[in-house]
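Naming: A, B, ... by sequence-line order, numbering from 1 per chain. Side chains included, hydrogens not; waters and symmetry mates left out as well; all remaining heavy atoms used.
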Amino acid sequence: MKHKSLAIPYVGWMALFVVAPLILVVVYAFTTREGGFTLDNFSNMVQYAGVFGRSFLLAFLATLVCILLGYPLALLLAREQSRLRGMAMLLIMLPMWMNFLLRTYSWVFLLERNGFFNTLLETVGLPKLDIIGTPAAVVLGMVYNFLPFMVLPIFSVIEKIDPRVIEAAQDLGANSAQVFRRVIFPLSLPGVLSGVTMVFIPSVSTFVISRLLGGGMNLLLGDLIEMQFLGSAYNPHLGSAISLVMMVIVLVSMGLMNRFGEGEGEAVLL
Amino acid sequence: MKKNGPISRIYIFLIFLFLYAPIFVLIAFSFNDSRSNAVWGGFTLDWYLELFQNRSVLEALQTTLLVSVLATAIATVAGTASAIGFYNLRGRARTVCLSVNNIPLTNADIITGVSMMLLFVFTGQVLAQWGIDFSLGFPTLLIAHITFDIPYVILSVMPKLRQLDPHLAEAAQDLGATGLYAFFKVVLPELMPGIVSGMLIAFTMSIDDFLISYFTAGGQTSTLSMVVYSMVRRRVSPEINALSTLMFLAVLLLLILINLRQSGGLRRSRRAGRGPAAEGILSLANEDLDVPAQDR
């Protein structure tokens, strides 16, 4: 069919602006400023092992909290009447559409040393809390920003579960805990996997949240990369190497996770 | 399924409180007649006036709107055409094309931004050897936005193409329509809901983007998000609260409008109360899972 040719311009565009940039990242990661081949960019990364560890740990914690808070919410919302459900979905999406810098900033505003919370605590007679600058504040920022991305896919999968499947389980004598454990939960796993990718990837690579809420003391991979490209430590070769390693770790861990998820969520990755 | 009891309702309420309380505190303090972010000093609109006199904010707003509108328009047309092209591919070619199309969606935004920045900087270096001046600015920003907008359009149009009855266009041609006429009169209207939701998603992604713009806009061009970032980094200021309030209202208004349009025009949609953009985002979530969205 001649309609195939409609794909040609965009295939060219993708080659130029999607594939070529990624090839450049690989090339930069393996070269020096003078253009010679090197592995130094990777061996120099050892000094940043702590940052790698912290990034993956905090992103993992944020993802876990999002599942623990978001799964019950999605499950409860899916049980509501359709009018309420539509409203609730809009309310979940509304903050998602508001600028994410402003959402993060709202917590700076609330948690500052002389901010809203501390003033509240003071008037009640409690001591002030220095939350900003702690890893907990960074995780809080991640959860606040990305929770809707966990709720939405889980909700849309649970909503589509055929009620007859649940009735069948009940007819066969399952109590509600068994129905959940043996029917609803396994069927909702693809939604959870999709939510995990949508929360984990932006969390592990953020630099805005760590800079605003981490007070510059909790460097994450995103900060490291940003510093190599636009910051004081200008070195795009090292920056490319860090980006490449982060990309590979994320791809491998997502791939493994999907393998364990009975292969159902395979399409989440690519 | 069972109805939710009071404890469940309280849980739902608490999560919404968590999501909205910070925003409402910001809104309240945007009217505060004091620089303090804790003490109420009376009502004022000064921060809004100050905001409207802030040159960098106004310029950035202009840039943001311009780049978002242009990128959305180009991405909608290009994405729809490419989706039709991809749909007619077979086997390996199709799998490869769709996989590459998904790269900007699955990659961390910072990687997309950084890799495109490398391309533009590298191109600048190469062109400089021939005496051509090329640096990061509005054109590179626009290219970046188009690149991350197109995949959303393609993913929203694809399910509609799958639902499309291939005999429809043939029937029109049998009745004497030319290929092009049949496309615009028969095929395009069928695809429209997908195109519209793809367009809305692309627009919100462009408006909201910070990371990719940050790396591809260069030193001279700034989007609103970038100005917000530089303001937020310096210190807490009531001006930002005023800006947040306006943005919240804009998004709220947009969602209400979309929703009204939806309940007025598309009453047959079985999920009342959810706009096409909402529908689009949900079907995107499903597309990720390869669950055929809304299959008949």
Next on the checklist: Under 4.5 Å from any heavy atom of chain B, what part of A:Val25 do you find: side chain, backbone, both or neither?
Outcome noted: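 Both the backbone and the side chain of A:Val25 come within 4.5 Å of chain B.
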Checklist entry - At what distance, to the nearest 0.5 angstrom, does CZ of A:Phe229 lie from OG of B:Ser115? => result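 Going from CZ on A:Phe229 over to OG on B:Ser115, the span is 8.5 Å.
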Item to check | Which portion of A:Gln228 sits near chain B, non-hydrogen atoms under 4.5 angstrom | outcome: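 Contact with chain B involves no heavy atom of A:Gln228 at all.
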Checklist entry - Side chain, backbone, both or neither: which part of A:Tyr28 has a heavy atom under 4.5 Å from chain B? => result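 Contact with chain B is through the side chain of A:Tyr28 alone.
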Item to check | Geometric class of the B:Tyr214/A:Phe207 ring pair [parallel <30°, tilted 30-60°, perpendicular >60°] | outcome: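 Because their plane-to-plane angle lies in the 30° to 60° range, the rings of A:Phe207 and B:Tyr214 count as tilted.
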Next on the checklist: Would you compute the distance between atom CG of A:Asn99 and atom CZ of B:Phe210 and round it to the nearest 0.5 angstrom?
Outcome noted: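 Here the rounded value is 9.0 Å.
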Next on the checklist: Counting only non-hydrogen atoms closer than 4.5 Å, does B:Ala78 touch chain A with its backbone (N, CA, C, O), its side chain (CB onward), both, or neither?
Outcome noted: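 Interface part for B:Ala78: neither.
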Item to check | chain B contact via A:Ala15 - side chain, backbone, both or neither, heavy atoms under 4.5 Å | outcome: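 Looking at A:Ala15, nothing touches chain B.
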Checklist entry - Does any heavy atom of chain A fall under 4.5 Å from the side chain of B:Ile15, the backbone, both, or neither of them? => result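 Just the side chain, heavy atoms under 4.5 Å.
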Next on the checklist: Heavy-atom pairs under 4.5 Å with chain B - which of A:Ile201, A:Leu101, A:Leu77, A:Val18 has more of them than the others?
Outcome noted: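 Most pairs with chain B among the choices: A:Leu101.
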Item to check | From A:Trp13 atom CH2 to B:Ile143 atom CD1, the distance as rounded to the nearest 0.5 Å | outcome: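 Answer rounded to 0.5 Å: 5.0 Å.
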Checklist entry - Are the side chains of B:Tyr229 and A:Thr104 in touch, meaning some heavy atoms are under 4.5 Å apart? => result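 SC-SC contact between B:Tyr229 and A:Thr104 ruled out.
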Checklist entry - So how far is it from A:Leu76 CG to B:Ile10 CD1, rounded to the nearest 0.5 Å? => result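 One gets 12.0 Å once the value is rounded to the nearest 0.5 Å.
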Next on the checklist: What part of A:Leu73 gets within 4.5 angstrom of chain B, counting heavy atoms only: side chain, backbone, both, or neither?
Outcome noted: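 Interface part for A:Leu73: both.
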Checklist entry - Are B:Asn107 and A:Leu22 side-chain neighbours, meaning at least one heavy-atom pair lies under 4.5 Å? => result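 A side-chain contact exists here, since the closest heavy-atom pair is under 4.5 Å.
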Item to check | Heavy-atom contact with chain B under 4.5 Å, split by part of A:Leu147 | outcome: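 Contact with chain B involves the side chain of A:Leu147 alone.
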Checklist entry - In terms of heavy-atom pairs under 4.5 Å, which option from A:Pro148, A:Pro9, A:Ser106 contacts chain B the most? => result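 Heavy-atom pairs under 4.5 Å are most numerous for A:Ser106.
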Item to check | Residue, of A:Val204, A:Val11, A:Ile92, that accumulates the most heavy atom pairs under 4.5 Å with chain B | outcome: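 Looking at each of A:Val204, A:Val11, A:Ile92 in turn, A:Ile92 comes out on top.
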Checklist entry - Under a 4.5 Å cut-off applied to non-hydrogen side-chain atoms, are B:Ile111 and A:Met246 in contact? => result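 Contact flag for B:Ile111/A:Met246 side chains = yes.
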Checklist entry - Roughly how far, to the nearest 0.5 Å, is CZ of A:Phe17 from OG1 of B:Thr112? => result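 The OG1 atom of B:Thr112 sits 14.0 Å away from the CZ atom of A:Phe17.
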Checklist entry - With under 30° as parallel and over 60° as perpendicular, where do the rings of B:Phe86 and A:Tyr10 fit, or are they tilted in between? => result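 Geometry flag for A:Tyr10 against B:Phe86: tilted rings.
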Checklist entry - Given that the side chain runs from C-beta out, which part of A:Pro72 has a heavy atom under 4.5 Å from chain B: side chain, backbone, both or neither? => result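 Looking at A:Pro72, backbone and side chain both touch chain B.
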Checklist entry - Checking B:Met116 against chain A: side chain, backbone, both or neither under 4.5 Å from a heavy atom? => result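 Both parts, heavy atoms under 4.5 Å.
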Next on the checklist: Can you classify the ring geometry of A:Phe109 versus B:Phe29 as parallel (below 30°), tilted (30 to 60°) or perpendicular (above 60°)?
Outcome noted: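 Ring orientation of A:Phe109 relative to B:Phe29: perpendicular.
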Item to check | A:Pro236, part contacting chain B, at a heavy-atom distance under 4.5 Å | outcome: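 For A:Pro236, the contact with chain B is made by the side chain alone.
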Checklist entry - Under 3.5 Å, is there a donor-acceptor pair between the side chain of B:Tyr11 and the main chain of A:Leu69? => result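 The answer is yes, because a donor-acceptor pair under 3.5 Å joins these two groups.
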Next on the checklist: I need the minimum non-hydrogen distance between B:Leu119 and A:Ala20, along with the two atoms involved.
Outcome noted: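 Where B:Leu119 meets A:Ala20 most closely, the heavy atoms are CD1-CB, 4.3 Å.
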Item to check | Distance in Å, B:Thr106 OG1 paired with A:Met254 CE, rounded so as to fall on 0.5 Å steps | outcome: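 Reported to 0.5 Å precision, the distance equals 11.0 Å.
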